Amino acid sequence: MSLLIIGGTGTLGRQIAKRALDEGYQVKCLVRNLRRGNFLRDWGAELVYGDLTLPATIPPSLKGVRVVIDASTVRPTDDYNAQKCDWRGKLALLEASKLA
């Protein structure tokens with residue numbers, strides 16, 4: 001089964017990705033910074049550039065995916081605010097998922 005993990009570079013997301021890979025799932029991670037996600041690639045995940053605040057980047061990440069796990073959220077150090085990422089970004093993810 002193929003999974004898309006959003007927020008895979010974060011504290012929770014990386015644990016989910018590692019466990020899924022260890023259990024034999026095909027894992028794809030949507031990441032804003034491909035370099036920051038290199039450890040996920042080293043573990044066996046496929047990295048796909050995407051940003052919940054840029055809705056046009058979401059649909060390509062859904063290709064071939066059966067399950068989406070969203071472990072993303074804003075951090076105090078991010079340039080994004082909760083309205084932009086955690087609300088509008090999640091709505092964009094839901095809409096893109098319905099069409100995939």
Side-chain angles (χ1 to χ4, degrees):
M1 182 182 300
S2 56
L3 309 176
L4 173 65
I5 299 173
I6 300 170
T9 59
T11 304
L12 176 60
R14 72 182 58 210
Q15 292 176 43
I16 295 168
K18 182 71 169 129
R19 178 78 179 259
L21 288 162
D22 288 348
E23 292 188 14
Y25 291 96
Q26 293 176 306
V27 175
K28 188 186 290 190
C29 294
L30 180 116
V31 295
R32 290 181 290 174
N33 183 324
L34 293 169
R35 191 171 8 143
R36 191 165 174 241
N38 273 336
F39 71 93
L40 295 164
R41 184 176 303 147
D42 292 343
W43 291 351
E46 175 186 352
L47 300 185
V48 180
Y49 170 75
D51 188 329
L52 292 181
T53 66
L54 301 170
T57 66
I58 299 170
S61 69
L62 297 167
K63 185 176 181 181
V65 169
R66 301 262 324 205
V67 175
V68 175
I69 299 172
D70 181 11
S72 67
T73 191
V74 293
R75 294 180 178 151
T77 57
D78 285 343
D79 293 331
Y80 306 115
N81 62 34
Q83 175 73 21
K84 188 172 188 178
C85 183
D86 289 343
W87 179 250
R88 283 186 259 153
K90 308 296 179 165
L91 289 176
L93 174 61
L94 289 170
E95 288 304 313
S97 296
K98 285 186 213 175
L99 298 173

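Everything numeric in this text was worked out from a predicted model, so none of it was measured. Just so it is clear, the values below take in all heavy atoms, side chains as well, and ignore hydrogens, waters and symmetry mates.
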> Which atoms form the tightest heavy-atom contact between Val65 and Ser2, and what is the distance?
Replying inline: CA-OG, 3.4 Å
> Are the side chain of Arg14 and the backbone of Thr9 linked by a donor-acceptor contact shorter than 3.5 Å?
Replying inline: yes
> Quick one: does Lys90's side chain get under 4.5 Å of Ser72's, heavy atoms only?
Replying inline: yes
> For the residue pair Ala96 and Pro59, what are the closest heavy atoms and their distance?
Replying inline: CB-CG, 4.2 Å
>> A side-chain contact here means heavy atoms from C-beta on lying under 4.5 Å apart; do Asp22 and Trp43 qualify?
In response: no
>> Using the rule given for side chain to side chain contact (heavy atoms under 4.5 Å, CB included), can you reason through Cys29 versus Arg41, listing the C-alpha separation, both sets of side-chain angles and the distance that settles it, and then say yes or no?
In response: CA-CA 9 Å; Cys29 294; Arg41 184 176 303 147; over 6 Å; no
>> Just verifying a value: how many Å separate Leu93 CG and Leu4 CG, rounded to the nearest 0.5 Å?
In response: 7.5 Å
> Of all heavy-atom pairs between Ala17 and Leu40, which one has the smallest distance, and what is that distance?
Replying inline: CB-CD2, 3.9 Å
>> Quick check for you: to the nearest 0.5 Å, what is the distance between Thr57 atom OG1 and Leu52 atom CG?
In response: 7.5 Å
> Of the non-hydrogen atoms in Lys28 and Lys63, which two are nearest, and what is the gap between them?
Replying inline: NZ-O, 2.7 Å
> Can you tell me how far OG1 of Thr53 sits from CD1 of Ile58, rounded to the nearest 0.5 angstrom?
Replying inline: 8.5 Å
>> Quick check on the hydrophobic clustering: are Leu47 and Ile5 connected, directly or via other members, by side-chain heavy-atom contacts under 4.5 Å?
In response: yes
> Minimum heavy-atom separation for Tyr49 to Leu34, with atom names?
Replying inline: N-CD2, 4.0 Å
> In Å and rounded to the nearest 0.5 Å, what is the CD1 to CG distance from Ile6 to Asp51?
Replying inline: 11.0 Å
> With the 4.5 Å side-chain cut-off for hydrophobic clustering, are Val48 and Leu62 part of the same group?
Replying inline: no
